[in-house]
Amino acid sequence: MRVRNLPLSSAYTEHFVENGIRELYPPQAAAVDAGVCEGSNVVAAIPTASGKTFIAQLALLTADGPGLYVCPLRALAREKYEAFASLPDLEVGISTGDFDASGEALAGNDIIVATSEKIDSAIRNGASWVDELACVVVDEVHLLDADRRGPTLEVTVATLRRQNPDIQVVALSATVDNPDAIAAWLDATLIQSTWRPVDLRTGVAVGGSIDFDDGTTREIPLDGPARKGGNGGDGDGSDDGGSDLDDTDVTAALVANTVAEGGQCLAFVRSRAEAVSLAQRLAADGLAEQMGIEAAAAAAGDEAAAVDGTVTGHQLADCLRSGVAFHHAGLRSGHRTVVESAFRDRDVACICATPTLAAGVNVPARRVVVRDQKRYTGSAMEWLPTLEVHQMCGRAGRPGLDPHGEAVLVGESDSRDELVERYVDGEPEAVESTLSDPASLRTHVLSAIATGFAETESEILDVFEGTFYAREAGAGGLADAVGDTVDDLVAAGMVRRETAGGVGDYRIVATPVGETTSRQYVRPETGERVVDGLRTAAVMPNATTLTAFELICDTPDMQDTYLGNEERAEMYRFARANSGALTTGMRETDDFEGWLESVKTARILDEWIEGATVEELVEAYRIGPGDLDSRVERAEWLLSAAQALADTIGVSVPSVPRARSRL
DNA sequence: AGTCACTTATTTTAGACAGCATGTC
DNA sequence: CTAAAATAAGTGACT
């Protein structure tokens, strides 16, 4: 199927042809056959980089009215926004928490790109443009099963369809086990394919040999680092070849081999610290020289060093100068940008990364090495979900640049079979709804009431009727849970039951606090905690900015900050010394550890507005520079929510605006 | 006393969405 | 029901 034959205006077909898109990829053609251009609902469960964006564009450009593109990450939203904005004669808007580029209103745009939370928020705040949409594209729908965020996505999609029954829905998913269930939910035609523009083969490496899924085997030269010069005693010939090399040695050999063949590599590891240490180890291998990119690598290093003076920044700069990099959420966005763009420009041989890179912006490499397949989950070490490993592997192979992509899982001889079974031959997990999680229900039930969509339990159930959960489990499955949830919300002061005339006849309405909580987009538990804190703070003789910070940090909407053993005693002293400025007494909390972590976060933020530098805070509190940035960003949001709540309950806590203005 | 090789105990562990109102030459 | 790696601290032989 050719682009020229598509029902698009010539301006668009020309644009696509100019960009080298003439012939449709098979999955794209299948989408056209399924009617994406005629307003049909379509679910495409296809690999990354097999042309999803184009399918989205077809739907949006042929839709009979404004379109919406929903995606899970801000960085992704930016990427798509730019892709759409480059199309001729098109008004494109973007709306994410950190970025708005659409003039005063989103109404009037042909295409709007936004995160799912932002759409949810727009609906709660009664944005009118939402009702005029003719088409919505949901990217990465498999995120439906993510905690917290999945329910938001499904409720948002359900609400959009309820408000707007004729809306065309196009959903793009990674390969999952039950795409048919998603398609059934959306009344859509399912397009399923494993086709990729670049071949991908996946294998398991044990020692220096890789067994691929296509039956081929490769030997990788292990110019192994000097083996420990001990006697022959320790390496008593346990397993097959080269068994005294550990996973990191194998990983290094795989990276070196990729570079020797002129490719780039992504290496996935378990933790931030290991991403850094792997990068530092690879930095000693002279990869920059081998690729002949010394000058560009040095420039990238300087760029990274210019971001800040933190230890992390220096480490990254040093690695970059040697042609390698690391990437994880503790990096500031400036660091990440340098790493990502240097890699795309081929000025970096290898990125050692945590899963940030698996689902984030597009950074394809010839080879992907997954060194660690297990991760600590809070109680034990668990295998990574197959879906996640597949997403990492899917980054292998740059269309048009690499002959094929290679994904290699590093294992031991005794784990080989398990790795093959689980990740090479294994099917990805099925997507399951998490809407029944009580915390999510509280949020969305409150929202349904506050927006006026529902006034009774049964109307709440109606709102949820269009969700993936209801489709899979039946809406009745939520009936009891919804009743309990309303009781919870009544107890929290978010809603109340109002008797209306007849006996047992009542309607549920949001209290002013509940309304503000929903509009400010904080969780009900946060709203409740903040209201309590504000009332306490209002009568405190010496409330300070620390008070304001403690109030917002001791909520589930603020991420907690790891409190090391070493620090704990000191933090305890700090809390005691400042107990007069804290809204919670030391003995009042039933989660002392959690509260102490909040105090740590509050303390960091308080020092931040007192003028402490990133370098000092990162050093003193052992957090990544990116962690500080994200906490500051959240604090801004939560303080503004706190201010709004203070206004609705008519309480004045001057330290809140004071803290806010100094962030 | 100081150094070094080695053993044992302790510590730590991925990621990332949201509000709101303006003013940059 | 399940972990693993890095680092800190401790131990002991030897100079």
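Protein chains get the first letters and strands the later ones, always in sequence-line order, with residue 1 at the start of each. Below, all heavy atoms of this structure are taken into account, side chains as well, without hydrogens, waters or symmetry copies.
- Here the rule is side-chain contact (heavy atoms from CB on, under 4.5 Å) with F468(A), and of V155(A), L153(A), T434(A), V431(A) only V431(A) fits it.
- With DNA chain B read from its 5' end, the first of the two nearest nucleotides for A329(A) and N565(A) is the one closest to N565(A).
- Regarding contacts with the backbone of dT12(B), a side-chain N or O of Y562(A) is found under 4.0 angstrom from either OP1 or OP2.
- Ranking dG19(B), dA3(C), dA16(B) by closeness to the Q520(A) side chain, first place goes to dG19(B).
- A salt bridge does not link R603(A) to E567(A): none of the charged side-chain nitrogens sits closer than 4.0 Å to a carboxylate oxygen.
- Straight-line distance from the CE atom of M558(A) to the P atom of dG19(B): 15 Å, rounded to whole Å.
- Comparing dG15(B), dA3(C), dC17(B) by their closest approach to the side chain of L73(A) singles out dC17(B).
- Side-chain proximity of Q559(A) to dA4(C), dA16(B), dT13(B): nearest is dA16(B).
- Put simply, S121(A) has a side-chain N or O that comes within less than 4.0 Å of OP1 or OP2 on dG19(B).
- For the salt bridge (charged side-chain N to carboxylate O under 4.0 Å, His left out) criterion with D627(A), the lone passing option out of K600(A), R622(A), R272(A), R332(A) is R272(A).
- Comparing dC17(B), dA14(B), dG19(B) by their closest approach to the side chain of E636(A) singles out dG19(B).
- Taking 4.0 angstrom as the limit, R622(A) places a side-chain polar atom (N or O) nearer than this to OP1 or OP2 of dT12(B).
- Straight-line distance from the CZ atom of R660(A) to the P atom of dA21(B): 9 Å, rounded to whole Å.
- At the heavy-atom level, T96(A) lies under 4.0 Å from the strands shown only through sugar-phosphate atoms.
- Residue-level contact check: R148(A) touches neither bases nor backbone, having no heavy atom under 4.0 Å from any strand.
- Looking only at atom types and distance, the side chain of R660(A) has no donor-acceptor partner in the side chain of Q643(A) under 3.5 Å away.
- In this structure, the aromatic ring of Y376(A) is not positioned over the six-membered ring of the base of dA4(C) within 5.5 Å between centres and 30° between planes.
- Rounded to an integer number of Å, the gap from W637(A) CH2 to dC17(B) C1' is 8 Å.
- Take the nearest nucleotide of DNA chain B for E633(A) and for T354(A): the residue whose nucleotide is more 5' is T354(A).
- When the P atom of dA4(C) is taken as reference, atom NZ of K374(A) falls 6 Å away, rounded to whole Å.
- Side chain to side chain, W595(A) and E550(A) meet the donor-acceptor criterion of an N or O pair below 3.5 Å.
- No more than 12 heavy-atom neighbours from other residues, nucleotides or ligands sit within 6.0 angstrom of CD on E432(A).
- Separating the CZ atom of R272(A) from the C1' atom of dA6(C) is a distance of 17 Å, rounded to the nearest angstrom.
- As judged by a 4.0 angstrom heavy-atom cut-off over every strand, K118(A) is placed among residues touching the sugar-phosphate backbone only.
- Taking atom CG of residue L357(A) and atom C1' of nucleotide dA16(B), one finds them 15 Å apart after rounding to whole Å.
- Other residues, nucleotides and ligands place more than 12 heavy atoms under 6.0 Å from the CD atom of Q559(A).
- Nucleotides dA6(C) and dA14(B) are separated by 14 Å at their P atoms, to the nearest Å.
- With a cut-off of 3.5 Å on both pairing distances, dA16(B) has no Watson-Crick or G-U wobble partner at all.
- Among the protein residues, S640(A) comes within range of the nucleic acid bases, having at least one heavy atom under 4.0 Å from a base atom.
- Residue R74(A) places its side chain closer to dC17(B) than to any other of dA5(C), dG19(B), dC17(B).
- Contacts of G378(A) with the nucleic acid, taken as non-hydrogen atoms under 4.0 Å apart, are absent.
- Taking atom CZ of residue F99(A) and atom C1' of nucleotide dA16(B), one finds them 19 Å apart after rounding to whole Å.
- When the nucleotides dT13(B), dC17(B), dA16(B) are ranked by their closest atom to the side chain of T115(A), dC17(B) comes out on top.
- Both distances falling under 3.5 Å, in either a Watson-Crick or a G-U wobble arrangement, place dG12(C) opposite dC4(B).
- Across all strands shown, E382(A) has no heavy atoms under 4.0 Å from either base or sugar-phosphate atoms.
- One atom, CZ of R124(A), and another, P of dA18(B), lie 12 Å apart when rounded to the nearest Å.
- The base-pairing partner of dT24(B), taking Watson-Crick or G-U wobble contacts with both distances under 3.5 Å, does not exist among the strands shown.
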